[in-house]
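If you're wondering where the values come from, they're calculated on a predicted model, not measured in any experiment. Throughout, protein chains are lettered first and strands after them, A, B, ... in sequence-line order, and every chain is numbered starting at 1.
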2 protein chains.
Amino acid sequence: MSGGEQPIQRPGGLPAIIARRLRASIADGRFEPGEQLPTQAVLGEMYGVSRSVIREAISLLKSDGLVISHQGLGQFVNPEGSSVFRLDADLGDGENLSELIEFLVSVESAAAGYAAQRRTDRDLAAINGALRALARAVDAREDGVSEDVAFHRAILKATHNEYFIDFGDFLENRVRGFIRKARTNTARQAESLMAEVQQEHEAIEAAIAAGNAEAARLASQRHLLNAAQRLRIYLADQLT
Amino acid sequence: MSGGEQPIQRPGGLPAIIARRLRASIADGRFEPGEQLPTQAVLGEMYGVSRSVIREAISLLKSDGLVISHQGLGQFVNPEGSSVFRLDADLGDGENLSELIEFLVSVESAAAGYAAQRRTDRDLAAINGALRALARAVDAREDGVSEDVAFHRAILKATHNEYFIDFGDFLENRVRGFIRKARTNTARQAESLMAEVQQEHEAIEAAIAAGNAEAARLASQRHLLNAAQRLRIYLADQLT
DNA sequence: CGGTTATGTTTGTATGATAATCTGATCCAC
DNA sequence: GTGGATCAGATTATCATACAAACATAACCG
C-alpha cells in the first residue's frame with residue numbers, strides 16, 4: 001500500500017526532521033515551558049542547517065501552538081502547552097487500527113446520539129432523502145459513494161455542532177474513503193454486503209427519527225464497528 | 001482574558017495569512033484535488049511576497065497533509081484531502097464553549113468506559129493512589145492540581161489506547177488547566193466545591209473498579225459537565 | 001526501436017542583507 | 001535625583017539571490 005507506484009515519500013525534508021527533534025526536546029523537558037529557545041541563528045549552527053530550515057521548523061511548531069515567537073524578543077516554549085489536538089490517521093498500516101477505530105467510534109456514535117436529540121424536521125428530511133437516494137443507487141447497481149457521503153454528512157449536520165461536523169469531514173476523507181475503496185475492491189460479495197450496510201443505515205435513521213439517542217448511539221456504533229470488521233477482513237485477504 | 005498583559009498577538013505573520021488564503025482557495029475548489037498548484041515563484045508574485053514566505057505557508061499546508069510537494073515536479077493538492085483532524089481550542093471566548101465541551105465529554109466519557117473494561121490491577125492501583133493523594137492534598141488545604149492531573153491521566157492510561165491518552169494530554173493542557181484556574185480564582189466556595197469534585201472523582205473510580213463501563217461513562221460525563229457548568233458560572237461572574 | 005544522455009523546470013537548501021520590533025541602558029532636562 | 005526621551009543591541013520577519021537535487025521530457029545514439 002505505502003511506497004508503491006508514487007514517487008518515494010521522504011520523511012518530509014530537513015524542516016520536518018528539525019521540527020521533530022525540537023518537539024522531542026520540548027517533550028523531554030530539555031526546554032522547559034516558558035523558556036526562551038536559542039535564537040534561530042544558534043539553532044541553525046546547532047543542527048548544522050541554514051536559518052531558512054530552522055524558520056520552517058519553528059513555523060510548524062508555532063502552528064501547533066507549541067512555540068510562540070515575538071519579533072525582537074525571541075522564541076519561547078508556550079507555557080500553556082500545545083493548543084491543538086492533532087489526529088493524523090496513518091491508516092493502512094493496520095498497526096494501531098483497532099485503537100484508532102475505537103476512538104472514531106466514540107466520537108461518531110456520540111454524534112449520532114446528539115443528532116437524535118436535536119434533529120429538526122429539515123435535518124430529518126435531509127437524512128431520509130440521502131438514505132433513499134442511496135437505496136436507489138444500490139438498486140441501480142451504482143457504487144453510491146456520493147450518496148453514502150451525503151447520508152453520513154446529513155447526520156453530522158443534525159448535531160448542530162461544528163466540531164462534530166469537522167470531525168466528520170476528517171473521518172470521511174481518510175477513513176470512510178479507505179473503507180469504501182476496500183469494499184468496492186471486494187466486489188464479489190457486494191450484493192449481500194450492500195444490503196447489510198443499508199440495513200445498518202436504516203437502523204441509524206430510524207433511531208434518529210424516533211429521537212432515541214441511546215438507540216442512535218448503538219446503531220451508529222454497530223455500523224462503524226462492522227465496517228471496521230469488514231475492512232480487517234479485506235486487509236487480511238490482501239496479505240495472502 | 002485574551003490580549004492583556006502579554007505582547008500583542010498578531011495574526012501570525014505573512015506565512016499564516018497566505019496559508020489561510022490558500023486553504024480557502026482549496027476549500028472553495030479554486031484548486032481542485034490532485035491539481036498542481038502554481039510554482040512557488042508564481043505564488044510569490046501572485047501574493048506579492050517573497051518565496052520564503054510562500055515556502056513557509058506551503059509548509060504549513062503540507063504538515064496538515066493538504067498539499068504534497070515533489071522536488072522537481074511541483075506542488076499538488078492532496079487528492080485524499082487533509083490527513084489530520086485539528087482541534088484547536090480557543091477557550092475563553094465562550095462563543096462555542098458549549099459545543100466544544102460536548103465534544104470533549106463524548107471522548108472523555110468513552111475513555112472512562114474503556115478504562116472500566118480494560119483496567120489492570122496495576123491501573124486500578126494507580127488510579128486509587130492518585131485519588132487518595134488528591135484527598136490528602138485537599139485535606140492539607142493545598143490546591144491539589146498535580147494530583148488531579150495524575151488522577152485523570154491514570155484513567156486515560158487505563159484505556160491502553162494511545163489516541164485517548166494523547167487526547168487527554170490536550171484536554172489537560174488547554175481545558176482542565178483553564179477550569180482549574182477558574183476554580184482557584186473563585187476560592188470563596190472552595191471548600192464545598194472541592195468536596196463536590198472529590199465526590200465525582202470517587203464515583204468514577206468506583207465504576208472503573210467495578211468494571212462497570214456504563215456507570216463509568218455516566219460518572220465521567222457528569223464530572224466534566226459539572227466542571228463546565230462551574231466554569232460558565234465563573235465566566236459569567238467575570239463579565240460583571 | 002530501445003536505452004542513454006542532455007536539458008529545462010521545480011522544489012530544497014544556503015547565504016547575506018534589510019526592515020521591524022522589543023529590551024535595556026544611556027542621556028538630558030528639570 | 002527623577003522621569004521621560006533617545007540610542008544601541010539583539011532578534012525575528014522578510015526579501016533577494018544563488019546553487020544543489022530530483023524529476024519529466026525530449027533529444028540522441030547504437
Within this structure, what is the [atom1]-to-[atom2] distance between [X] and [N], rounded to whole angstrom?
| X | N | atom1 | atom2 | value |
| --- | --- | --- | --- | --- |
| B:Q36 | C:dT11 | CD | C1' | 11 Å |
| A:Y47 | C:dT13 | OH | C1' | 18 Å |
| A:L73 | C:dG24 | CG | P | 8 Å |
| A:I54 | D:dT11 | CD1 | C1' | 15 Å |
| B:L43 | C:dT10 | CG | C1' | 12 Å |

Checklist entry - Taking all non-hydrogen atoms of both residues, which atom of A:S25 and which atom of A:Y47 are closest, and how far apart? => result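 Result for this residue pair: OG-OH, 4.4 Å.
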
Item to check | For A:S106 against A:S109, the heavy-atom pair lying closest together | outcome: O-OG, 3.3 Å

Checklist entry - Is the count of non-hydrogen atoms from other residues, nucleotides or ligands lying under 6.0 Å from B:K62 atom NZ greater than 12? => result yes

Checklist entry - How about A:Q75 and A:Q40: does a side-chain donor come under 3.5 Å of a side-chain acceptor? => result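 Their side chains do contain a donor-acceptor pair, which is all the 3.5 Å distance test asks for.
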
Checklist entry - Which nucleotides of nucleotides 13-18 of chain D have their base under 4.0 Å from a protein heavy atom (B), which only their sugar-phosphate (S), and which neither (-), written as one string 5' to 3'? => result BBB--B

Next on the checklist: I'd like to know if the side chain of B:N78 reaches the main chain of B:V67, judged simply by a donor and an acceptor atom lying under 3.5 Å from each other, with no hydrogens or angles considered.
Outcome noted: no

Item to check | Residue list, ring-ring contact (aromatic ring centres under 6.0 Å, His included) with A:F164, at least two apart or on another chain | outcome: A:Y114, B:F103

